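Because the structure is predicted, anything quoted here is derived from the model rather than measured. For ligands, and for the atoms within them, numbers begin at 1 and follow the listed sequence.
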Amino acid sequence: MRDPGYYGGIVQSIETPDRRGRTANIALGFDNLADYLTKNSPYFGCITGRYANRIAKGRFTLDGTTYQLAVNNGENHLHGGDVGFDKRVWQAREIREHGAVGLRLTYVSPAGEEKYPGTLSVTVTYRLTVRNEIRIDYHATTDAPTIVNLTNHTYFNLAGEGSGSIYDHRLRLNASRYTPVDPTLIPTGSLDPVAGTPMDFRRPTAIGARIRDNFQQLLLGQGYDHNFVLDRRDDTSLALAARVSEPTSGRTVTIRTAEPGIQFYSGNFLDGTLVGTGGHIYRQGDGFALETQHFPDSPNQPSFPSTVLRPDGVYQTTTVYEFGTTSAG
Ligand code: BGC
């Protein structure tokens, strides 16, 4: 049978047990395809690309040529433009391996799509492993110099989607620095220490504990919407990025990645206009996203790790989400 294709690489639901074995769907989303197509999904569960997060004014220069991408978020480019990878139909092949099942998704983005240079051939592999992990491997090659930055945009609520706010969830981020932003949420270019600020999640802290602090960066993001610079020993291996636990259910998620950064987004722009999978309305703070990535606006920030991909190179990266429970409250 011909593969009918897979819209946006969207992870629609993730069912995990709580500490007493009761299962709930902990990923925000819709219960039908039509809503993803028509309801202006805020990137629920999808693959974002070619460039996850923002590029200032949608513009960058590569090898002396300036490219103007779509401007779809105020004056900036967000998550790949008007029709990013979240809205493309991917080819899907089932994987069955020892210790894992999954899907291999492929998509060839033609040169000029969303005004990006280079034909980008992308493979994203989802695996569900016997260790209660979702492992995502990203791979891309190009036939001309281009930029690429891929992530998955799942929103989590470990108490179950539609169950209310995530402000009681305890978050630990393995990051001593973050990239502060300007009023349009573009990094200023500096890497600021988190120490002594509400951005410090080096010890597990409730997401809501300081979200109403009078701290300029929280005003700009209307909450947390920031890229954190991961503390890592080397550039390539999987390193701990984040761990979240929810006190009532005991559910946890631990995220490891090969990427240098992670966007922590506290669902600030969920505004009560969307009805989720279980029939409940999503309001501000009802889900959080932790998007492993290169830093926003890297093509315009020479001091940030590079997102340039050339024909002789391979883009390859991995993120693992491990689900569990804790008995601690
Ligand atoms: C961005 C937010 C944005 C959200 C949904 C996040 O990755 O950082 O600013 O609102 O995605 O589009």
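Contacts classified as side chain to side chain donor-acceptor pair (under 3.5 Å) and involving residues 65-75 (residues at least two apart or in different chains) are given here: Arg54-Asn73, Lys57-Glu75, Arg59-Gln68, Thr61-Thr66.
Ring centers of Tyr51 and Phe60: at least 6.0 Å apart, outside the cut-off.
To the nearest 0.5 Å, atoms CG (Asn157) and CD1 (Ile26) are separated by 9.0 Å.
In this structure, Glu322 does not pair ionically with Arg131, as no charged nitrogen and carboxylate oxygen lie closer than 4.0 Å.
Remark: Tyr43 engages His79, His153 in a ring pair (Phe, Tyr, Trp, His ring centres under 6.0 Å) (not counting sequence neighbours). Residues passing the ring pair (Phe, Tyr, Trp, His ring centres under 6.0 Å) test with Tyr138: none are found, sequence neighbours excluded.
Residue-level contacts of ligand 1 at the 4.0 Å heavy-atom threshold are Pro42, Tyr43, Asn53, Arg54, Leu78, His79, His153, Tyr155, Asp225, Gln263, Tyr265, Phe269, Glu291.
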